[in-house]
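Working notes for the structure below.
The analysis underlying the following values was restricted to heavy atoms, covering all of them including side chains, and did not include hydrogens, waters or symmetry mates.
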Amino acid sequence: MAEFFTQFLLTGILLCGLLLHTVSQHGARVDNPSERPNFIIILADDVGWGDLDANQPEAKANNTPHLNLMAEQGLKLTDFHSPASTCSPSRAAILTGRYGLRNGVTHNFAVGSVAGLPLSEVTLPQLLQEAGYYTAMIGKWHLGHNGPYGPTHRGFDYYLGVPYSNDMGCTDIPGYNLPQCLPCDTPGPQVLRLKRSVHEACYSKVGLPLIENRSIVEQPLNLWTLTEQYKSAAARIIQNASERRQPYLLYIALAHMHVPLAPPLSPDATTSNHPNDGRVYGASLREMDSLVGAVKGTSDDTDKNNTLIWFTGDNGPWEQKCQFAGSVGPFIGKWQTSRGGGSAKRTTWEGGHRVPTVAYWPGKIPANTTSSALLSGMDIFPTLLSLAGVTPPRDRRYDGIDATNILLRGEHSGHEFLFHPNSGAAGEFGDLQTVRSGKHKAFYITGAAEACGGATGIQQLHDPPLIFDLERDKAEETPLDAGTHEHRVVAERVARGREELLWDIATDESVSAADYRTDKSAAPCCDPSQAVCRCHAPGRGKELTHRKRRTQM
């Protein structure tokens, strides 16, 4: 009898341990797991932390009224960071929950890229799709546009958008700094320019394509009607999924702020009639905000209490665009700017990766709340899977954390360490050269990013690292004295954390390598016989001809 009781007790302890392990692995979930939530992820391109009015109410800009309302009705995350400071690496990390050194994507793909996000990587939409979710994407992909690298091969049931950035191709009715088709110097509507133009010639003479699923439906696309097309597509996706009573993931990647559009001028107008005083950027910001409002409104009208909307950015403002770039708020990276060079996009200064972030879920996320938890875009991956009750593959290692308790329970414990990779400034692509730990941030390398006006900071190595206290010094102006006890303690802590992560990546058998080769024939082209691949298909989703299929998504 005693032996039976002992065995019974041990079994009970084992079961309790397994239960606790499961809870710790997946975190808190929705109260009714059988009612799987819908997810809407909105990723804004090149948006600044200060572009969200709710982050700088004293500015009274009134550019983001819909996002302001969403923040009032939900949770504002003030210490949220993009996983990288440029497009492709940030998107890859968000969709895989892994740093670029693991998923292989450390810098941007091009118009002529033959590949994209490595096929060995498992994406968030793939996992949700396998779990019964309807998955759709609208907007900028920028993770490879050829064959198996396109969105509909990476887990999305439906796709409508542009395969890369809106300045990586020509258009018939260009806005600010967007090349016109064809050739670039053809006389036509005047275009507002920078004080110092950074694109004197075409980035690409291939027309900017609009792709639906795997077919080009318009090339070059009309950027001036794109927002309305996105609104209509989003409404259709949300409503159809609701009617089918099927949970869905809708990923919307907006490029409004990447190269903001300027109002086209009349043939007899001059640029002096339309001063470049920031109104162009503000107008683009308001247009993006209106799209967010439209999506939120449709969601609220269909399944309001069972839908999480998560708005964030892919990286900070493109500083070299001068008055056509966004606001970093107080995070100006003054140590760097005082020595020349930029401190926003492409850099590991706060302005390059601290992004405006709002999470909204009526009845689940407490309204009008703010969290300063240290979080990253990589956390979207494990958090959404946890909420959906989906376990990620166990054959790979992840860098994101489950933020469910931060969103739903008001907890504030985020990352112990957050690493910021080089995204095109100083150092090697993907190198985890800056480390955040609590209120401290340590730089091992600085410089080499272009600022407005063309100045580029000199690359500098720092041993011991340059350390800032972000609580006292948001502008990152004055580093800690290297001779102080505080500096020594922080330097030892971040060095240990960095070495442990690098060792973990070095021993990770699931590390992928991206293929960055390019070929002119890889550019998406509806009709190669046309100078800019002109295509204005009368019907949506029409497959390309056999001759053209080698370049379709």
Side-chain angles (χ1 to χ4, degrees), residues 41 43 45 87-96 103-105 107-130 133-166 168-169 204 206-221 226 229-230 233-234 237 249-255 314 512 514-528 533 535 537 540-553:
I41 306 302
L43 186 69
D45 203 343
C87 303
S88 296
S90 183
R91 292 155 203 274
I94 288 170
L95 292 182
T96 64
N103 65 42
V105 181
H107 52 289
N108 286 342
F109 293 105
V111 173
S113 286
V114 300
L117 174 67
L119 301 179
S120 54
E121 289 297 307
V122 178
T123 68
L124 175 65
Q126 282 177 296
L127 296 172
L128 290 177
Q129 187 182 57
E130 291 170 2
Y133 272 70
Y134 178 74
T135 57
M137 180 184 172
I138 295 171
K140 172 181 167 180
W141 173 239
H142 213 172
L143 288 174
H145 52 268
N146 275 289
Y149 296 96
T152 56
H153 289 286
R154 306 312 300 268
F156 288 105
D157 294 305
Y158 175 80
Y159 173 65
L160 176 68
V162 184
Y164 31 67
S165 297
N166 59 357
M168 292 172 67
S204 169
V206 175
L208 197 61
L210 178 64
I211 295 175
E212 186 170 45
N213 294 326
R214 302 177 193 178
S215 300
I216 299 174
V217 294
E218 187 181 355
Q219 188 177 22
L221 65 81
L226 196 57
Q229 290 193 67
Y230 284 176
I237 290 164
L249 164 69
L250 174 56
Y251 169 45
I252 306 175
L254 305 175
D314 74 331
S512 300
D515 181 353
Y516 277 98
R517 289 177 300 149
T518 61
D519 189 300
K520 288 183 179 180
S521 67
C525 200
C526 184
D527 184 356
C533 308
C535 175
R540 282 281 190 214
K542 183 178 179 181
E543 286 294 329
L544 304 180
T545 65
H546 177 73
R547 181 166 65 99
K548 304 163 193 168
R549 281 181 183 161
R550 67 185 177 88
T551 56
Q552 68 177 338
M553 291 187 71

Is any side-chain heavy atom of [Y] closer than 4.5 Å to one of [X]?
X	Y	answer
L210	Q229	yes
D314	C87	yes
L95	P125	yes
C526	P209	no
E212	Y158	yes
N108	P89	yes
T135	E130	no

Would you compute the distance between atom [atom1] of [X] and atom [atom2] of [Y] and round it to the nearest 0.5 angstrom?
X	Y	atom1	atom2	answer
Q129	L249	CD	CG	10.0 Å
Y159	I138	OH	CD1	10.0 Å
N213	H153	CG	NE2	10.0 Å
L254	Y230	CG	OH	7.5 Å
K140	N166	NZ	CG	7.0 Å
L160	I237	CG	CD1	7.5 Å

*Look at the rings of Y516 and H107 and say which category their plane angle falls in: under 30° parallel, 30 to 60° tilted, over 60° perpendicular.*
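The rings of Y516 and H107 lie parallel, inter-plane angle below 30°.
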*Parallel, tilted or perpendicular, as decided by the 30° and 60° cut-offs, for the rings of F156 and Y251*: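 Judged by the thresholds at 30° and 60°, the geometry between Y251 and F156 is parallel.
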*Is the side chain of S88 donor-acceptor paired with the backbone N or O of H142 at a distance under 3.5 Å, no angle test?*
yes
*Does N146 use its side chain to pair, donor to acceptor, with the backbone of A522 at less than 3.5 Å?*
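Such a contact is found between N146 side chain and A522 backbone.
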Taking every non-hydrogen atom, the tightest pair across [X] and [Y]:
X	Y	result
A110	H145	O-CE1, 3.4 Å
V105	P118	CG2-CD, 3.9 Å
R154	W141	CG-CZ2, 3.9 Å
V114	T518	CG1-C, 4.2 Å
Q219	P524	NE2-O, 2.9 Å
F109	D515	CE2-O, 4.0 Å

*asked:* Looking only at side-chain N and O atoms, does N103 offer a donor or acceptor that is under 3.5 Å from a partner on S512?
replied: no
*Stepwise, does the side-chain contact (heavy atoms from CB on, under 4.5 Å) test hold for T96 with Q126?*
CA-CA 10 Å; T96 64; Q126 282 177 296; over 6 Å; no
_Qualifying residue for side chain to side chain contact (heavy atoms under 4.5 Å, CB included) with Y149, from L119, L143, L117_ = L119
*Determine, stepwise, if the pair L208 / Y164 fulfils side-chain contact (heavy atoms from CB on, under 4.5 Å).*
CA-CA 9 Å; L208 197 61; Y164 31 67; 3.8 Å; yes
*With respect to the side-chain SG atoms, do C525 and C533 come within less than 2.5 Å?*
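Looking at C533 and C525, their sulfur gamma atoms lie closer than 2.5 Å, so the answer is yes.
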